[in-house]
Amino acid sequence: MERKWEAKLKQIEERASCYERKPLSSVYRPRLSKPEEPPSIWKLFHRQTQAFNFVKSCKEDVHVFALEYKVDDGQRIYLVTTYAQLWFYYKSRRNLLHCYEVIPENAVCKLYFDLEYNKLANPEADGKKMVALLIEHVCKALQELYRVDCSAEDVFNLDSSTDEKFSRHLIFQLHDVAFKDNIHVGNFVRKILQPAFHLIASEDDDSTSETPGLGFSHFPETPIKQGIAFSKMSSDKDRGENWTLDSREWERLGSAKQSSPDLSFLVVKNNTGEKHLFVDLGVYTRNRNFRLYKSSKIGKHVALEIAEDNKFFPKQSKNISEENQYFLSSLVSNVRFSDTLRILTCDTFQSKQKRVEHFSSTSTKAENIEGFHCSPYPEVDRFVLSLVNKNGIQGGIRCWNYFFPEELLVYDICKYRWCENIGRAHKSNNIMILVDLKNEVWYQKCHDPVCKAENFKSDCFPLPAEVCLLFLFKEEEEFTAAGTMNSETQNPKPPSGVLSEAASDAAWDDSIDETDFVEATEDAELAEAAENVLLSYSGGVDEIPDELIMQVLQE
DNA sequence: CAGCGCTACCACACCCC
DNA sequence: GGTGTGGTAGCG
């Protein structure tokens, strides 16, 4: 819920800034389509959300990539294009040197791993052996939990090691099987590595002592409380079956006698000697950037290349080069669709709970609404801010609450603590400003326990005319709509008459996701960034043509 | 003018004894 | 003093 709210705020912010930059398109630029040429889609954005908005508006199968362009602070710009077009300009490796796939949240994806350890801190470690053992363990887990058959030959093994660091990416090429999204992949990975967490937590330094006979299975329940079962669900939209791990079957499997696997090979030491896992668990977050095959980190010169011990070989194809096949295989969110595709899920206890809460959410909060920084009443906000901006102290609105029955706006104030009760500012407690729209007055209360105990409330002061006037508008509208509108308690939307700004309007518009707001920014700096990224070298057969950069400039 | 998502950590408010 | 919460540095 909070997440949705944040995303919306962000979208609004984006939209506002773009409207400011380009109020209206003043020039009509007709364009002839050339049917004989494949559609060229190549757009750069400063913001990830804008890139994804553009993807949504696109008919074609386009994807978001992140391009690093500043050495120091890892700043990125976002490219939207097709896999084919990216490969066309990418393959020469003369440009687009530091490219990342953005694994979209909520997108079906492959099972993948980021593996690493410091060679100096682990002189005895045998990386290849560790990779082989991990793959073995994962395949066993896929078989036991989902009845998925696979082997090392289905694992694309990419190497990015240096003298100091052993570094690999593994991308599983399962047949007609994918995960619901990368959050589920993370849940699965944490689950199957559970026995290894015990090894890290244990203080005794003997890394091979796995306590046998404790009776826990390969993939224990805690702390990721989650069951496993193969309840075959009805087909998930248009893409085949949905296989879900569920609790009863987990118990069944758990009760089957299984010896605890020895995962001590996964334990490595970091620079400071602390125990860590060989598997990086930080790569299963929303919209994770995952470095592309043959790309290097900016400032480094080591690209991801096929590992010596890779055993995955893509099928030969007449139309697609072998390198292109490898490239396509390396893309985590490039899942081949088929009508027999199975979508694997792996829930955590928490995410399940949340879903239950969401579906069974009662309407206890339906009467009141709340938010941060600015309420749907910008005029009132401005007035409140003027009240808490005195004697050189600039207060702010920390959050607000609106109570429908009383038509009362309660503002929690920050940075300004003047309390009428004690005649000075509180030292550690904040104050509130309450705006009573019904009686057109405002007063002050505070969070201080002493003031609260005596139920302190300052004198009431009349609201200024501009706030009241707006309130009158609201009344008028309510009056005219009185016959049909009686849904205030069901729909906690403030009267629209006072929502004078477009931003406020949008804040209540649930359909904002559907609007196509897809302008690439018109910005010299972006173009410069693009040139830096794209034209790292000059000359060459597959150099990015000028038109592609111009496209960024014009649109 | 311009990255994103997340975790660990800290400071502070609040609550209770 | 324990617990919850908001802000943030820093990591991947």
Side-chain angles (χ1 to χ4, degrees), chain A residues 2-3 6-7 9-11 13-18 20-21 44-52 64-80 98-106 112-118 160 165 167-169 181-183 186-187 189-190 270-272 274 276-291 295 297-300 304 332 348 350 370 372-373 396-399 412-415 417 426-432 446-453 519-530 532-533 552:
Chain A
E2 295 89 42
R3 192 167 186 84
E6 277 169 32
L9 278 179
K10 208 163 185 188
Q11 274 183 307
E13 191 189 297
E14 303 292 339
R15 186 189 292 202
S17 79
C18 287
E20 267 171 32
R21 259 197 310 273
L44 293 164
F45 301 86
H46 273 302
R47 305 293 187 155
Q48 187 179 261
T49 42
Q50 291 185 333
F52 277 113
V64 179
F65 303 89
L67 315 176
E68 273 184 318
Y69 75 99
K70 269 190 191 166
V71 182
D72 40 336
D73 55 0
Q75 271 193 49
R76 287 160 196 216
I77 51 174
Y78 298 91
L79 165 66
V80 176
H98 320 293
C99 260
Y100 296 76
E101 173 186 12
V102 181
I103 303 167
E105 60 178 303
N106 305 319
Y112 64 100
F113 289 87
D114 181 19
L115 309 175
E116 58 187 39
Y117 68 82
N118 187 311
S160 190
K165 203 170 143 192
S167 172
R168 295 287 177 99
H169 281 190
D181 59 37
N182 72 332
I183 305 297
N187 294 340
V189 171
R190 279 183 292 271
N270 69 1
N271 306 343
T272 57
E274 291 167 294
H276 273 267
L277 283 193
F278 174 44
V279 178
D280 181 358
L281 296 171
V283 297
Y284 306 109
T285 56
R286 297 179 168 87
N287 302 318
R288 161 66 42 177
N289 289 196
F290 211 52
R291 189 147 52 91
S295 264
K297 285 183 186 167
I298 198 162
K300 306 260 170 83
L304 279 159
V332 171
T348 63
Q350 289 99 319
E370 57 195 26
F372 302 97
H373 308 309
I397 295 167
R398 194 174 64 84
C399 66
D412 270 359
I413 301 302
C414 56
K415 287 182 275 187
R417 293 174 165 178
H426 282 295
K427 290 199 174 72
S428 58
N429 289 294
N430 286 313
I431 65 154
M432 296 177 266
C446 70
H447 290 288
D448 179 73
V450 180
C451 294
K452 268 200 158 161
E519 294 297 310
T521 50
E522 176 184 23
D523 185 278
E525 217 178 292
L526 180 58
E528 202 184 309
N532 285 340
V533 172
V552 178

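The chains referred to below are lettered A, B, ... by the order of the sequence lines, with proteins before strands, and numbering in each begins at 1. Bear in mind the structure is a predicted one, so any value in this text is a computation, not a measurement.
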Name the pairs: protein N/O against N/O of nucleotides 8-12 of chain C, kept only if under 3.5 Å.
from, atom 1, to, atom 2, distance (Å)
C:dG12, O3', A:Asp280, OD2, 2.6

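- The separation between A:Asn289 atom CG and B:dC6 atom C1' is 13 Å, rounded to whole Å.
- We find that CG of A:Asp412 is positioned 13 Å from C1' of C:dT5, with the value rounded to whole Å.
- A:Tyr78 places its OH atom 11 Å from the C1' atom of B:dA2, with the value rounded to the nearest Å.
- Partners of A:Tyr112 according to the ring pair (Phe, Tyr, Trp, His ring centres under 6.0 Å) rule, which considers only residues two or more places apart in sequence or in another chain, are A:Tyr284, A:Phe290.
- Look at CZ on A:Arg286: it is 10 Å from C1' on B:dC6, rounded to the nearest Å.
- The heavy-atom pair separating A:Cys99 from A:Ser295 by the smallest distance is N-OG, 2.9 Å.
- The side-chain hydrogen bond (donor to acceptor under 3.5 Å, both in side chains) test applied to A:Arg288 returns A:Thr285, not counting sequence neighbours.
- Contact annotation: A:Asn287 reaches the phosphate of B:dG5 (side-chain N/O to OP1 or OP2, under 4.0 Å).
- One finds a side-chain N or O of A:Gln48 lying less than 4.0 angstrom from the OP1 or OP2 phosphate oxygen of B:dG5.
- In this structure, the side-chain hydrogen bond (donor to acceptor under 3.5 Å, both in side chains) partners of A:Asn430, at least two apart in sequence or on a different chain, are A:Arg417.
- Among residues two or more places apart in sequence or in another chain, the side-chain contact (heavy atoms from CB on, under 4.5 Å) test is passed with A:Ser160 by A:Ser167, A:Arg291, A:Val302, A:Leu304.
- Residues meeting the side-chain contact (heavy atoms from CB on, under 4.5 Å) test with A:Lys300, sequence neighbours left out: A:Lys297.
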Taking only nitrogen or oxygen atoms into account, show me every contact under 3.5 Å that the protein makes with nucleotides 8-12 of chain B, one pair per line with its distance.
none

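- For A:Arg76, no side-chain nitrogen or oxygen approaches OP1 or OP2 of B:dC4 to under 4.0 Å.
- If you measure from atom CD1 of A:Ile183 to atom C1' of B:dC4, you get 13 Å, rounded to the nearest angstrom.
- Rounded to whole Å, the distance from CG on A:Asn430 to P on C:dG7 is 11 Å.
- Nucleotides B:dG3 and C:dC11 have their C1' atoms positioned 14 Å apart, rounded to a whole Å.
- When all heavy atoms of A:Tyr100 and A:Asn289 are compared, the closest pair comes out as CB-CB, 3.9 Å.
- For the pair A:Phe65 CZ and B:dC4 P, the computed distance is 18 Å after rounding to whole Å.
- Applying the side-chain hydrogen bond (donor to acceptor under 3.5 Å, both in side chains) rule to A:His426 yields no partners; only residues at least two apart in sequence or on another chain are considered.
- Following rounding to the nearest Å, A:His46 (NE2) and B:dC1 (P) show an atom-to-atom distance of 11 Å.
- For A:Phe113, the ring pair (Phe, Tyr, Trp, His ring centres under 6.0 Å) criterion is met by A:Phe172, not counting sequence neighbours.
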